[in-house]
Amino acid sequence: MKEKKYSRITGSRRNRTLSRVAALLSCAALAACTLAGCGFNTEAGSYLTQEADANTLNVMIWDSDLSEETVAAFEDEYGCKVNVTYLEDTNEMLQKLIAGGQDYDVLDVESDYVRAFKEADLLAPLDYSVITNTDKLDPTFFTPGKGAIGDENFEYSIPLAGPFFTCVVYNKKTCPGKIDTLSDLAKPEFKGEICSVKDSVSVYIGALIALGYPLDSTDDGQLAECQDMWYDIMPNVKSFVPSSAISQLETGDCSVAYCWDFNTLCADSEKYWDEFDVAPATGMGYTQDWCIAKTSRRQELANEFINFTMLPEQQANLINDFGGITTVKKELIEDLLPENYYENPCVIRYTEMWKDHQEFAVTDEQNDKMDALYNELMSQ
Amino acid sequence: MNNEKRENSFRSNGWRTASYIYLAVMLVLLYSPVVIMIRFSFNDSRTNVVWQGFTTKYYDKLFHDANLWHIFFVTLFIAVMVTLIGTVVGTLGAVGFSKTRFPGSRLIEDFIYFPLVLPEIVLGIALLLLFNFNGIRLGIPTIIIGDTTLVLPYVFVTVKARLSGMDPSIEEASIDLGANRMYTFFHITLPAIMPGVISGAFMSFSLVLDELILTSFLADAATVTLPMKIYSMIKRGITPEINALTTIIFLVVTAGVVVYLVSSEMVERKQRRVEERRGEAAE
Amino acid sequence: MEKNNIKKQKHSKRETASRIIMCGPITVWTVLFIVLPVALLVFMSFLTKGSLGRIEYRFTLKNYAEIFNPAYLNVLKESVLIAFWTTLVTILLGYPLAMVMSKLRKKTSGIVAIAIMLPLWVSGLIITYSLVIMLNSSGTVNSFLMGLGIIKHPLQLLYNSFAVIVGMVYMFMPFAVLPMYSSIEKLDPAVIEASEDLGASPARTFFKVQLPLTSPGIFAAIILTFIPCIGYYMIADMLGGGKSMLIGNLIYRQFTVSRNWPFGAALSVVLAAIILIMVRIYTSRGGSMDDLA
């Protein structure tokens with residue numbers, strides 16, 4: 001196969017030069033066309049996206065924050081198409097929006113990131129003349145002045161459901177030891193038993209909670225202590241997961257998980273209600289908030305969508321699929337929820353934990369430092 | 001004749017049995033995940049990690065899930081477009097480059113091989129930069145471009161290999177007889193290299209159907225391909241619905257392959273019979 | 001061939017046109033979508049990351065300097081190690097398979113070849129996910145072994161390097177077997193017979209005659225496995241427990257979570273450079289890209 005095919009051209013030099021020039025010219029012409037940019041986009045096939053443009057809504061969410069039935073119901077009622085993109089990390093969302101060229105309308109932003117998004121000028125104010133279902137919400141979760149840090153009056157964000165917690169979940173039967181704080185996970189009896197989410201915020205803010213430091217700390221000494229704590233925990237970790245630890249818990253691979261989907265675990269099957277519990281002191285609490293992207297071209301539809309998800313029927317869909325707490329007033333939603341809803345350990349625990357949780361908001365500096373620490377931790 | 005030589009080429013019966021056993025074991029190992037995939041499409045569990053009972057409800061869900069079929073057809077569309085463009089450009093290029101040299105052609109050829117040797121992630125990022133810098137919006141066109149770039153070297157190499165095994169004198173003969181290059185290409189060269197072209201096309205298609213890394217960089221909000229959908233579900237457990245879809249795809253592809261093999265076998269048998277009869281008639 | 005020259009000169013203008021039609025598209029495509037993007041990547045690697053991940057157009061070599069952080073070098077080492085073991089296992093398992101295939105009738109070996117590729121064609125991701133189901137503590141393998149009473153406690157088959165290598169081998173086996181098969185198939189059986197006639201033992205024949213003669217196929221298989229393997233990280237994440245960062249993860253993170261495009265570009269350039277050097281070594285030792293067909 002190594003034969004070299006020598007050129008069989010015998011044309012004159014002039015012909016060769018001509019062909020060279022012609023080739024170069026056509027290259028340059030096509031390059032120029034591409035660099036013109038927009039021309040390319042409209043011609044080469046956005047006929048596929050153009051028709052979609054008119055009546056579409058692009059939603060970026062975590063995978064357990066929106067029920068498929070809600071999407072279908074919204075599409076039916078408003079005669080549009082909803083495109084859902086799934087996230088694994090809020091930083092990823094931030095990155096996509098900053099890089100530009102994206103076309104998102106509704107965003108699912110963690111309450112601790114709302115300030116960062118707002119300061120990066122990525123959000124449009126919500127339109128409460130459209131979002132009228134706020135009268136159906138329980139004041140515990142919707143009191144002006146009590147919103148996310150940086151947006152206390154809910155101008156740019158509104159919780160899509162009740163609060164969530166990233167905390168230690170353990171199997172009551174097979175867990176080998178007692179867990180009070182996150183640092184207990186470093187104890188030798190937990191070797192090979194632990195599963196943990198891998199985003200740097202959960203990892204390091206969780207450590208700050210355990211060590212009793214302020215949650216907005218950028219102090220290198222305190223962060224170094226957090227890193228040491230995780231170095232101690234690492235030998236006990238069997239697996240890091242991008243977002244869900246449920247399969248590790250269900251198969252029994254891990255008896256302890258530092259994760260945020262206790263609600264989904266309980267919603268998956270009632271037999272898990274007796275099997276699993278959380279360690280309340282390890283909980284890092286936040287809400288997932290609906291926001292609207294500043295560059296959104298369909299802001300009215302986006303506001304309608306947010307409003308739609310606040311309806312008792314839609315909240316019930318969400319709870320039935322993924323568990324958790326609802327923000328809707330009890331009396332309006334009781335009948336739509338399963339009878340034993342209030343015996344769900346997740347509902348009990350999360351409601352308790354929310355009463356004395358610490359609010360926090362991530363800063364860019366913190367993020368960079370935690371990211372560097374994370375890379376170090378995972379490279380060992 | 002090849003067949004005869006091969007049958008006698010096992011060293012001994014011992015080796016032959018061992019070889020067959022090895023082959024069988026490897027095939028069983030290779031296919032056990034497929035069996036699991038099919039089995040778990042009947043699993044009665046949303047998270048689909050632990051077997052919780054038999055049900056066909058996810059097949060039912062699949063047939064009513066317009067969204068998932070839409071995703072599948074988008075993926076199929078992309079795969080077809082990429083295969084078409086990639087095969088045409090790659091074949092033309094392979095033929096052209098094997099016959100001519102122009103200044104810089106060696107360099108260009110080296111660059112053509114880049115997507116083969118670069119990790120997909122590097123290619124994806126580089127293309128993303130290209131589109132971003134020029135303000136080109138992401139979407140299906142950019143995915144098609146990205147995948148075609150990935151696929152081009154495969155087609156190029158496959159066709160080139162076929163070309164170098166081809167007898168050049170038939171082309172020369174054609175030109176000597178007065179045909180121009182285009183005619184020669186379509187009526188002489190192309191049929192001779194067709195197996196290579198088809199093999200390249202086949203490879204391209206299958207590469208794109210399962211492609212994830214490039215797509216994740218070059219897609220926009222509204223575009224979801226099947227691999228993207230599957231990957232996004234992996235974190236929480238792939239619902240049996242997806243298993244059902246891939247089971248169906250698997251069965252369809254297998255059926256297609258079987259049909260192709262059987263029909264080509266039948267064609268061959270027919271030809272052999274025709275030749276036998278001719279032989280008899282000649283006698 | 002000389003007598004054709006005259007005829008060819010007459011056609012030269014048409015030839016030029018047809019040459020442009022043939023070489024043109026692929027050349028243009030390569031320049032636009034391979035050369036330009038790579039150039040941009042190299043350009044980006046010298047820029048600086050601004051606040052919140054915006055890019056500042058300040059020239060710096062800092063990104064390349066940062067790569068020498070021991071943590072990142074470790075990441076590179078891990079990736080290369082995994083790629084190495086994967087390639088080794090794939091070749092060790094795949095070569096015998098290719099040999100067996102070459103002894104079958106042509107049609108049967110064609111069917112076997114398709115059978116090997118089929119599962120991956122449909123969806124490599126699902127196959128990997130099925131492996132998760134098979135290898136976990138209550139999965140197929142463990143239930144089977146415990147059911148037979150061979151083991152008392154489940155074996156740790158998942159979330160470790162073993163699982164990662166298994167998953168990668170599944171992924172790359174088809175790509176490795178085919179070039180080795182095509183190389184073995186081209187082997188003239190007369191050579192083997194001659195060697196044995198001259199008194200060499202089967203083992204000697206294998207190692208001194210067959211292996212060297214089929215080495216192009218082996219090298220092609222190595223290239224087709226090792227190189228993509230270095231950049232793969234999704235399989236390692238799914239099967240390895242995500243505990244170690246691989247170079248693919250690190251690069252991907254820079255463009256998403258860490259919001260540091262310049263550093264990500266620098267990493268990509270370094271990775272690409274390493275691979276290109278290896279390919280150069282391969283081609284200079286007589287390999288040819290065309291062998292990979």
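Chain A is the first sequence line, chain B the second, and so forth, proteins listed ahead of strands; every chain is numbered from 1.
Looking at B:Glu268, only its side chain comes within 4.5 Å of chain C, counting heavy atoms on both sides. Heavy-atom distances place the side chain of B:Leu152, and not its backbone, under 4.5 Å from chain C. Of the atoms belonging to C:Ile230, not a single heavy atom falls under 4.5 Å from chain B. Neither the backbone nor the side chain of B:Leu245 comes within contact range of chain C; no heavy atoms are under 4.5 Å apart. Using a 4.5 Å cut-off between heavy atoms, C:Ile247 makes no contact with chain B at all. For chain C, the nearby part of B:Phe133 is the side chain; its heavy atoms alone come within less than 4.5 Å. Both the backbone and the side chain of B:Phe250 come within less than 4.5 Å of a heavy atom in chain C. Within the 4.5 angstrom heavy-atom criterion, atoms from both the backbone and the side chain of B:Ile108 approach chain C. For chain C, the nearby parts of B:Thr254 are the backbone and the side chain; heavy atoms of each come within less than 4.5 Å. Interface residue C:Met238: only side-chain heavy atoms are found under 4.5 Å from chain B. Of the two parts of C:Met117, neither the backbone nor the side chain holds a non-hydrogen atom closer than 4.5 Å to a non-hydrogen atom of chain B. For C:Tyr252, the parts lying under 4.5 angstrom from a heavy atom of chain B are both the backbone and the side chain. For C:Thr30, the part lying near chain B is the side chain, with the backbone staying farther off; criterion is any non-hydrogen pair under 4.5 Å. If you measure heavy-atom distances from C:Pro96 to chain B, the contacts under 4.5 Å come from both the backbone and the side chain. Contact of B:Phe205 with chain C is not made at all, since no heavy-atom distance falls under 4.5 Å. The parts of C:Ile127 that come within reach of chain B are both its backbone and its side chain, each placing non-hydrogen atoms under 4.5 angstrom from that chain.
Note on B:Ser32, B:Pro115, B:Pro33: by heavy-atom pairs under 4.5 Å with chain C, the leading option is B:Pro33. Of the residues considered (B:Leu129, B:Val35, B:Val88), B:Leu129 shows the highest number of contacts with chain C, using heavy-atom pairs under 4.5 Å. Of the listed residues (B:Leu92, B:Val252, B:Leu207), the greatest number of heavy-atom pairs within a distance under 4.5 Å of chain C belongs to B:Leu92. The choice from B:Ile125, B:Ile112, B:Val159, B:Val122 that makes the most heavy-atom pairs within less than 4.5 Å of chain C is B:Ile125. Top candidate by heavy-atom pairs under 4.5 Å with chain B, chosen from C:Leu93, C:Leu267, C:Ile114, is C:Leu93. Between chain C and the options B:Leu23, B:Leu118, B:Ile249, B:Val253, the largest number of non-hydrogen pairs under 4.5 Å is found for B:Leu23. Most heavy-atom pairs under 4.5 Å with chain C: of the set B:Gly90, B:Ala18, B:Ala126, B:Gly124, this distinction falls to B:Ala126.
Using a 4.5 Å cut-off on side-chain heavy atoms (C-beta onward), B:Met26 and C:Met173 make contact. B:Phe156 is not listed as a side-chain neighbour of B:Val89, based on a closest heavy-atom distance of 4.5 Å or more. Using a 4.5 Å heavy-atom cutoff, the side chains of B:Tyr31 and C:Pro119 are in contact. Between C:Met234 and C:Met171, the closest side-chain pair of non-hydrogen atoms is not below 4.5 Å. Put simply, the side chain of C:Leu97 reaches to within 4.5 Å of the side chain of C:Ile116, judged on heavy atoms. Inter-residue side-chain proximity for C:Leu250 and C:Gln254 is flagged as met; some heavy-atom pair is nearer than 4.5 Å. Between B:Pro153 and B:Phe114, the closest side-chain pair of non-hydrogen atoms is not below 4.5 Å.
Judged by distance alone, the side chains of B:Ser204 and B:Tyr154 never bring a donor and an acceptor atom under 3.5 Å apart. Side-chain contact of C:Asp237 with C:Asn249: a donor-acceptor pair under 3.5 Å is present, judged by distance alone.
Screening C:Val166, C:Val169, C:Thr225 for a side-chain contact (heavy atoms from CB on, under 4.5 Å) with C:Val89, the sole residue that qualifies is C:Val169.
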- Under the ring pair (Phe, Tyr, Trp, His ring centres under 6.0 Å) rule, what do B:Phe131 and B:Phe217 come out as? Steps first, then yes or no, please. CA-CA 11 Å; B:Phe131 295 132; B:Phe217 278 107; over 10 Å; no
- Task: Determine, step by step, whether C:Ser109 and C:Tyr181 satisfy the side chain to side chain donor-acceptor pair (under 3.5 Å) criterion, reporting the C-alpha distance in whole Å, the side-chain angles of both residues, the deciding distance to 0.1 Å, and the verdict.
- Result: CA-CA 9 Å; C:Ser109 63; C:Tyr181 165 67; 2.8 Å; yes
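For B:Val25, the side chain to side chain contact (heavy atoms under 4.5 Å, CB included) partners are B:Ile21, B:Leu29, not counting sequence neighbours. The side chain to side chain contact (heavy atoms under 4.5 Å, CB included) check on C:Ala113 picks up C:Met101, C:Leu178, with sequence neighbours excluded.
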